[in-house]
Amino acid sequence: MEDSKPKKKWLTLSRKHNLTGWVFLLPAVLLIVIMNFVPMVQALILSFKTGIGVNMTWAGLYNYTRMLKDATFWTALKNTFFYLIIQVPIMLVLALILAQMLNDKDLKFKGLFRTAIFLPCATSLVSYAIVFRTLFATDGFVNTVLMNLHIIDSAINWLGKPGTAKFVIIIALIWRWTGYNMVFYLSGLQNIDYTIYEAARIDGASAVQSFWRLTVPLLKPTILLTTIMSTNGTLQLFDESVNLTSGGPGNATITLSHYIYNISFKFTPNFGYSAAMSYVIFILVAILAVLQMKVGDTRD
């Protein structure tokens with residue numbers, strides 16, 4: 001006797017929706033896997049090899065142990081962390097202050113100010129590097145102004161000394177990326193009900209107290225996001241080192257990404273060693289991101 005119960009369809013409406021979603025996602029997933037994850041695995045394998053082209057041989061941990069003895073690698077690592085420790089906090093605090101100022105509903109020409117502060121972020125990397133090289137040249141605008149104001153007696157070779165060259169790179173980074181982070185904070189501030197600030201003002205809170213006790217706590221997720229992104233970007237810093245100072249003088253301003261580029265394309269190619277250094281950056285980014293997430297997560 002045949003079973004009279006109707007058989008359930010395998011392809012239910014819910015499964016059809018899920019299947020449709022995966023069909024739309026599949027091309028993007030394939031592109032991400034092919035363009036990102038496959039090269040990452042290939043680079044990891046490459047980091048354990050040495051040699052050039054078809055003559056590459058398995059070298060185990062040689063490339064990683066070589067870094068321990070490489071003075072230029074340690075210089076690049078110290079420079080990268082120097083930029084990270086000095087530039088990122090200044091940039092994020094400045095971006096937060098500017099966002100707070102430009103969020104004032106009574107401020108006139110807000111659109112103009114916001115556009116002017118954001119525009120450096122849209123500037124070509126090479127173009128803005130040329131501008132800064134010109135500004136800080138020995139006979140450039142900065143030296144001319146400082147000498148006319150009698151702040152300095154003679155022109156400073158800003159890009160020819162290790163300390164001042166690093167200072168120029170930090171100034172350039174702050175100039176270019178402050179507006180970018182300001183947009184994130186401004187977006188977060190516009191989602192905060194303005195009546196909260198009015199209530200705080202009625203209760204006698206000053207502007208500084210409102211900033212620290214209302215703005216900063218309410219923007220904590222956005223601050224964490226921008227901190228992680230800025231840390232990630234600074235650890236991969238390349239353009240400023242290459243275009244502004246060429247890593248000089250004497251590798252005094254070189255970054256890890258710049259050194260990886262030199263090892264891969266400028267000097268005798270050593271893709272195994274450069275891949276190993278790339279994974280050092282990857283590990284540093286992952287560790288710092290996890291630490292920042294732990295510090296920023298206040299959930300029980």
Side-chain angles (χ1 to χ4, degrees), residues 32 36 40 76-104 113-114 116-123 125 128 166-192 196-197 207-241 244 253-258 260 277-300:
I32 291 172
N36 289 329
M40 284 172 62
L77 183 65
K78 285 187 287 186
N79 289 340
T80 303
F81 270 95
F82 177 81
Y83 301 137
L84 174 65
I85 294 168
I86 302 297
Q87 173 256 333
V88 170
I90 295 174
M91 176 185 65
L92 295 182
V93 170
L94 185 58
L96 188 55
I97 293 171
L98 288 171
Q100 179 75 4
M101 293 171 62
L102 294 178
N103 193 49
D104 187 352
F113 292 134
R114 291 172 183 176
I117 296 172
F118 179 76
L119 270 179
C121 158
T123 307
L125 289 165
Y128 106 91
K166 290 177 183 177
F167 170 78
V168 172
I169 288 178
I170 289 172
I171 292 295
L173 288 169
I174 292 172
W175 178 83
R176 189 169 197 275
W177 294 110
T178 297
Y180 177 80
N181 291 285
M182 182 201 71
V183 170
F184 285 94
Y185 297 144
L186 197 55
S187 175
L189 284 170
Q190 289 174 348
N191 290 323
I192 299 174
I196 296 175
Y197 293 101
V208 175
Q209 288 174 325
S210 296
F211 177 77
W212 285 110
R213 297 188 179 184
L214 291 176
T215 303
V216 173
L218 291 171
L219 282 182
K220 194 171 184 180
T222 308
I223 293 172
L224 180 61
L225 171 67
T226 54
T227 302
I228 292 173
M229 290 194 306
S230 300
T231 299
N232 188 356
T234 306
L235 287 175
Q236 300 177 66
L237 188 63
F238 175 77
D239 297 277
E240 286 74 14
S241 174
L244 268 176
T253 59
I254 195 171
T255 61
L256 278 175
S257 294
H258 188 180
I260 290 170
M277 286 192 288
S278 299
Y279 261 86
V280 169
I281 295 179
F282 171 77
I283 293 168
L284 289 173
V285 168
I287 291 173
L288 289 176
V290 169
L291 289 175
Q292 289 165 352
M293 290 291 288
K294 290 291 185 182
V295 171
D297 190 358
T298 56
R299 293 174 298 178
D300 295 331

Close side-chain approach of F184 and M229, heavy atoms under 4.5 Å = yes
key: Note, L96 side chain near V216 side chain (heavy atom, < 4.5 Å)   = yes
note = With sequence neighbours left out, the residues meeting side-chain hydrogen bond (donor to acceptor under 3.5 Å, both in side chains) with N232 are Q236
request  = Output all residues satisfying side-chain hydrogen bond (donor to acceptor under 3.5 Å, both in side chains) with S257, sequence neighbours left out; order by chain, then residue number.
outcome  = none
request  = Can you sort out the partners of A95 under side chain to side chain contact (heavy atoms under 4.5 Å, CB included), two or more places apart, ordered by chain and number?
outcome  = T178, N181, M182, Y185
request  = Please report the closest heavy-atom contact between W177 and C121, naming both atoms and the distance.
outcome  = CZ3-SG, 4.4 Å
message = Rounded at 0.5 Å granularity, tell me how far CG in D239 sits from CG in L173.
response = 10.0 Å
message = Would you say that V168 contacts T253 through its side chain, given a criterion of any heavy-atom pair below 4.5 Å between the two side chains?
response = no
request  = Given side chain to side chain contact (heavy atoms under 4.5 Å, CB included), test L92 with I223 step by step and report yes or no.
outcome  = CA-CA 8 Å; L92 295 182; I223 293 172; 5.7 Å; no
message = Could you go through L77 and L256, starting from their C-alpha distance and side-chain angles, then the distance that decides it, and tell me whether this counts as side chain to side chain contact (heavy atoms under 4.5 Å, CB included)?
response = CA-CA 6 Å; L77 183 65; L256 278 175; 3.6 Å; yes
note = Smallest heavy-atom separation, S241 atom then I254 atom, equals OG-CA, 3.6 Å
task = List the steps and the verdict of side chain to side chain contact (heavy atoms under 4.5 Å, CB included) for I170 and F82.
result = CA-CA 10 Å; I170 289 172; F82 177 81; 3.6 Å; yes
ask   = What pairs meet the side-chain hydrogen bond (donor to acceptor under 3.5 Å, both in side chains) rule with one or both residues in residues 80-92, with sequence neighbours excluded?
value = Q87-T234
Single hit among L237, N79, L288 for side-chain contact (heavy atoms from CB on, under 4.5 Å) with L84 = L288
inquiry  = Checking T215 now: which residues fulfil side-chain hydrogen bond (donor to acceptor under 3.5 Å, both in side chains) with it, not counting sequence neighbours?
reply    = Q100, Y197
ask   = Could you state the interatomic distance from CG (L94) to CD1 (I117), rounded to the nearest 0.5 Å?
value = 8.5 Å
ask   = How many angstroms lie between atom CD1 of I174 and atom CD1 of I86, to the nearest 0.5 angstrom?
value = 9.5 Å
query = Can you name the residues that form a side chain to side chain contact (heavy atoms under 4.5 Å, CB included) with W175, not counting sequence neighbours?
reply = P120, T123, Y128, F132
key: Rounded distance [0.5 Å steps], CG in L102 versus CD in Q190   = 10.0 Å
task = Begin from the C-alpha positions of I192 and L214 and carry the test side chain to side chain contact (heavy atoms under 4.5 Å, CB included) through to its verdict.
result = CA-CA 10 Å; I192 299 174; L214 291 176; over 6 Å; no
ask   = In Å, rounded to the nearest 0.5 Å, how long is the span from CD1 of I85 to CD1 of I90?
value = 12.0 Å
query = Judged by atom type as modelled, is there a donor-acceptor pair below 3.5 Å linking the side chain of T226 to the main-chain atoms of T222?
reply = yes
message = M40: which residues meet the side chain to side chain contact (heavy atoms under 4.5 Å, CB included) condition with it, sequence neighbours left out?
response = F37, Y279, F282
ask   = Any side-chain heavy-atom pair from L186 and N103 closer than 4.5 angstrom?
value = yes
note = V280 meets the side chain to side chain contact (heavy atoms under 4.5 Å, CB included) criterion, sequence neighbours left out, with M67, F73, L284
ask   = In chain order, what residues pass the ring-ring contact (aromatic ring centres under 6.0 Å, His included) check against F81, with sequence neighbours excluded?
value = none
